[in-house]
S.K.: 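The structure is given below, and queries will be raised subsequently.
Per chain, numbering begins at 1; letters A, B, ... match sequence-line order.
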Number of protein chains: 2
Amino acid sequence: MTDPEATPARRRPPTIHDVAREAGISRGTVSRVLQGGHNVSPEALKAVNAAIKKTGYVVNRHARSLVTQRSDSVAFLLTEPQDRFFEDPNFGHLLRGCTAALAEHDIPLLLMIAGTEEERRRIGRYITSGHVDGVLLVSSHSGNPMVELLQQAQMPVVACGKPLGHATATPYVAADDREGARLLVRHLVATGRRRIATITGPLDTPGGVDRLSGYREMLAEAGLGYDPALVVEGDYSRAGGSAGMERLLAQAPDLDAVFVASDLMADGALAALDRAGRSVPHDVAVGGFDDSTVAASARPALTTVRQPWERISGEMVRVLLDLIAGRPPASVILPTELVRRESA
Amino acid sequence: MTDPEATPARRRPPTIHDVAREAGISRGTVSRVLQGGHNVSPEALKAVNAAIKKTGYVVNRHARSLVTQRSDSVAFLLTEPQDRFFEDPNFGHLLRGCTAALAEHDIPLLLMIAGTEEERRRIGRYITSGHVDGVLLVSSHSGNPMVELLQQAQMPVVACGKPLGHATATPYVAADDREGARLLVRHLVATGRRRIATITGPLDTPGGVDRLSGYREMLAEAGLGYDPALVVEGDYSRAGGSAGMERLLAQAPDLDAVFVASDLMADGALAALDRAGRSVPHDVAVGGFDDSTVAASARPALTTVRQPWERISGEMVRVLLDLIAGRPPASVILPTELVRRESA
DNA sequence: CTGAAAGCGCTTACAG
DNA sequence: CTGAAAGCGCTTACAG
């Protein structure tokens, strides 16, 4: 692709050889210093460090990877329907968190978005042929074809959220969805609500399933019966939240609260409630999930359940690096927290 | 980092050598096929392609990069204040578009987020030492320290939006902000509005500056005077839109329209208008900018100016690849389009 | 603790 | 059109 004639002459960066010469020492020893300085005399170490600084040396990762057979890079693989990615601030948090956590280990993040079949194929080939050491998988929907592929290739993988419907377990990191839902619904009950509805997430995602169980459990514990008319399935989008709320209002006009499985949907529900002339929280209390940026800016501001995105992304990276290093897999569940604002 | 004892034995992928043996031909010829098949006999080409398929060969990019001195990868560098990144769907579109456009060239995208000084330093070192061939820069605020660094290192760079305040020009791709603003304001004028306010973007961003000029120009052309009380500066956030609208309402209670420089801010403005008891579009018409996902879901749905994100990202990639290939730089301005919905 | 040397998997003049 | 060979910049046993 490069046309050597036209390319501006960028000077070649210094190599380990330049450093060795500068330090008056062999290249092997320079490399040893780079690897952590074991088995290197203090004087040699000093000389090398000085030479590195003087020459401005930075390791050539391609050369290193070629011999170590490691890429020292990680893929962030997104297989969600793309529109959610644009709308949902959670993805931004996750991406930001993972990038930052990886940066601390000097590991670049390769972003891969598998929307089409063609993309899936290409990405599969790329990942399984050793170009990355592991993958951070963001795809909560069950039946994802990539998961199997990655497993077969024995790729280190950690998922965000428990992957559903896969026999062999992929390690994952997730907030405690069920407990979070219980927290929110308990709050609704405690503030006197009795006809508590819910707009769930998609029921082929763990957030959809587990938040619904938390809701049902807490209702049962509170001695409130389970009424199917109070439950509709959403899709995590704002529009889906609006539509879900309208359906609920039609099915169960006497509802006095809704637990909505995401803030974005809750924001949509707020709009629907507003159009229906129901005041929040007076007529109906609304609870969300995520504590994303929309929660604070919604009118009224949303009472919600906080997902600890920073910790989630940090743990994802930690678990993945462990896996890459050959340590045994682990999944981690992080606690959530009720955030009280105005809507409930 | 890797502990060889514990790592599951992943089989080494086939190399060019395996392909050569399988095809009964030298490694040099295999490589030539990989480079496009020039100077290769039809039979050799066939044999190699068959051998590649049979062995499942995929090129080792590290080895290739080591000799070509190209990384065949590109950085997507974000230097915006991070909160905007989470909230603003535009970033998602841009990221998605760039990833897809690069994927067609088999070029992975490295995501880098320069929030802190420390991150900037690390990223600067990483980028300028040849680990990427070029950078897609997303940072509209002026006075960005990374820009200079990249220029000094002679890194191919293309910015999203015209970089402000840099002597030497960085090629960029942007929507026609001024014309877009004119389109929207003309529409407001045409529908009979006379006291047209604006909430601008930050005035150290091109979108802030240029959309404001478009607004002023069109007002002048319509013979409506310029009234400073009708102008407030925003920050592209939803909360900023709300606050801006409140200020406007206080400064100029008789306003009958607002042109808001982003959909997200417009959504915030809508909320403020609602709280103030002004109906939209009856009492005040509201126009946004972006045509992002919030525009369609806002209540009422926003009349806005469409930014062609798909084209923007496609052009950014095209221009960057041209630059990398040593072709001369170019900046491109893409037309915008008025999208009429309910708010104006 | 250190140096010399092999080798990671490719590309690319260079001969032929 | 093709093969043999050098070399990209590193790491890592292997001797010493």
S.K.: Determine, for Glu315(A) against Arg318(A), whether the closest basic-nitrogen to carboxylate-oxygen distance falls under 4.0 angstrom.
M.R.: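 Salt bridge between Glu315(A) and Arg318(A), a charged N being under 4.0 Å from a carboxylate O: yes.
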S.K.: From the list dG9(C), dC1(C), dT12(D), which nucleotide is the closest neighbour of the side chain of Gln35(A)?
M.R.: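 The listed nucleotide nearest to Gln35(A)'s side chain is dT12(D).
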S.K.: Parallel, tilted or perpendicular: which one describes the rings of His131(B) and His62(A), with boundaries at 30° and 60°?
M.R.: perpendicular
S.K.: Please enumerate all protein N or O atoms sitting under 3.5 Å from an N or O of nucleotides 13-16 of chain D, with distances to 0.1 Å.
M.R.:
from	atom 1	to	atom 2	distance (Å)
dA13(D)	N6	Arg32(A)	NH2	3.2

S.K.: For the backbone of Pro171(B) and the side chain of Ser331(B), can you confirm whether one donor and one acceptor N or O come within less than 3.5 Å of each other?
M.R.: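 No; zero donor-acceptor contacts below 3.5 Å.
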S.K.: Just how far, in rounded Å, is P of dA4(C) from CD1 of Ile16(A)?
M.R.: 14 Å
S.K.: Could you tell me whether the side chain of Arg122(B) and the main chain of Ala103(A) form a donor-acceptor pair under 3.5 Å?
M.R.: yes
S.K.: When you measure from the side chain of Asp133(A) to the backbone N and O of Ser71(A), does any donor-acceptor pair fall under 3.5 Å?
M.R.: yes
S.K.: Whether Thr15(B) contacts dG9(C) is assessed here as follows: a side-chain N or O lying under 4.0 Å from the phosphate OP1 or OP2. Is that the case?
M.R.: no
S.K.: Just to be sure I understand the rule, does Ser31(A) reach a base, reach only the sugar-phosphate, or reach nothing, if contact means heavy atoms closer than 4.0 Å?
M.R.: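 Base contact.
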S.K.: State whether Asp106(A) and Arg125(B) are salt-bridged, where the test is any N-O pair (Lys NZ or Arg NE/NH1/NH2 against Asp/Glu carboxylate O) under 4.0 Å.
M.R.: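 No, Asp106(A) and Arg125(B) are not salt-bridged.
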S.K.: Rounded to whole angstroms, how far apart are CZ on Arg64(A) and P on dG9(D)?
M.R.: 15 Å
S.K.: Using Watson-Crick pairs (N1 to N3, plus N6-O4 or O6-N4) and G-U wobble pairs, both distances under 3.5 Å, which stems of at least 3 pairs involve DNA chain D?
M.R.: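 Counting only runs of 3 or more consecutive pairs, the stems involving DNA chain D are C:1-3 with D:14-16, C:5-12 with D:5-12, C:14-16 with D:1-3.
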S.K.: Among the nucleotides dT11(D), dT2(D), dG3(C), which one has an atom lying closest to any side-chain atom of Val40(B)?
M.R.: dT2(D)
S.K.: Quick one: do the Thr99(A) and Arg96(A) side chains pair a donor with an acceptor below 3.5 Å?
M.R.: no
S.K.: Could you list the residues that satisfy salt bridge (charged side-chain N to carboxylate O under 4.0 Å, His left out) with Glu117(B), not counting sequence neighbours?
M.R.: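 Once residues adjacent in sequence are excluded, the partners of Glu117(B) under the salt bridge (charged side-chain N to carboxylate O under 4.0 Å, His left out) criterion are Arg120(B).
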S.K.: Report the nucleotide, chosen from dC10(D), dT2(D), dG9(C), that has the shortest atom-to-atom distance to any side-chain atom of Thr29(B).
M.R.: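 Output: dT2(D).
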S.K.: Let me know the distance between CG of Asn39(B) and P of dT11(C), rounded to the nearest Å.
M.R.: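 Spelled out: CG on Asn39(B) to P on dT11(C) is 15 Å.
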S.K.: I need the CD-P distance between Gln69(B) and dA6(D), as an integer number of Å.
M.R.: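 That distance rounds to 20 Å.
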S.K.: Can you check whether Ser41(B) has a side-chain N or O nearer than 4.0 Å to OP1 or OP2 of dT2(D)?
M.R.: yes
S.K.: Between the main-chain N or O of Leu109(B) and the side-chain N or O of Ser73(B), is there a donor-acceptor pair closer than 3.5 Å?
M.R.: no
S.K.: Taking CZ from Arg61(B) and P from dG9(C), how many angstroms apart are they, rounded to a whole number?
M.R.: 17 Å
S.K.: Under the 3.5 angstrom rule, does the side chain of Ser31(A) hit a backbone N or O of Arg27(A) as a donor-acceptor pair?
M.R.: no
S.K.: Quote, to the nearest angstrom, the P distance that separates dC1(D) from dA5(D).
M.R.: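 Roughly 23 Å separates the two P atoms.
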S.K.: Of the nucleotides dT12(D), dC10(C), dC10(D), which one has an atom closest to the side chain of Arg27(A)?
M.R.: dC10(D)
S.K.: How long is the line joining CZ of Arg70(A) and P of dC10(D), in whole Å?
M.R.: 15 Å
S.K.: Quickly work out the Asn60(B) CG to dC8(C) P distance and round it to whole Å.
M.R.: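 For the pair Asn60(B) CG and dC8(C) P, the rounded distance is 12 Å.
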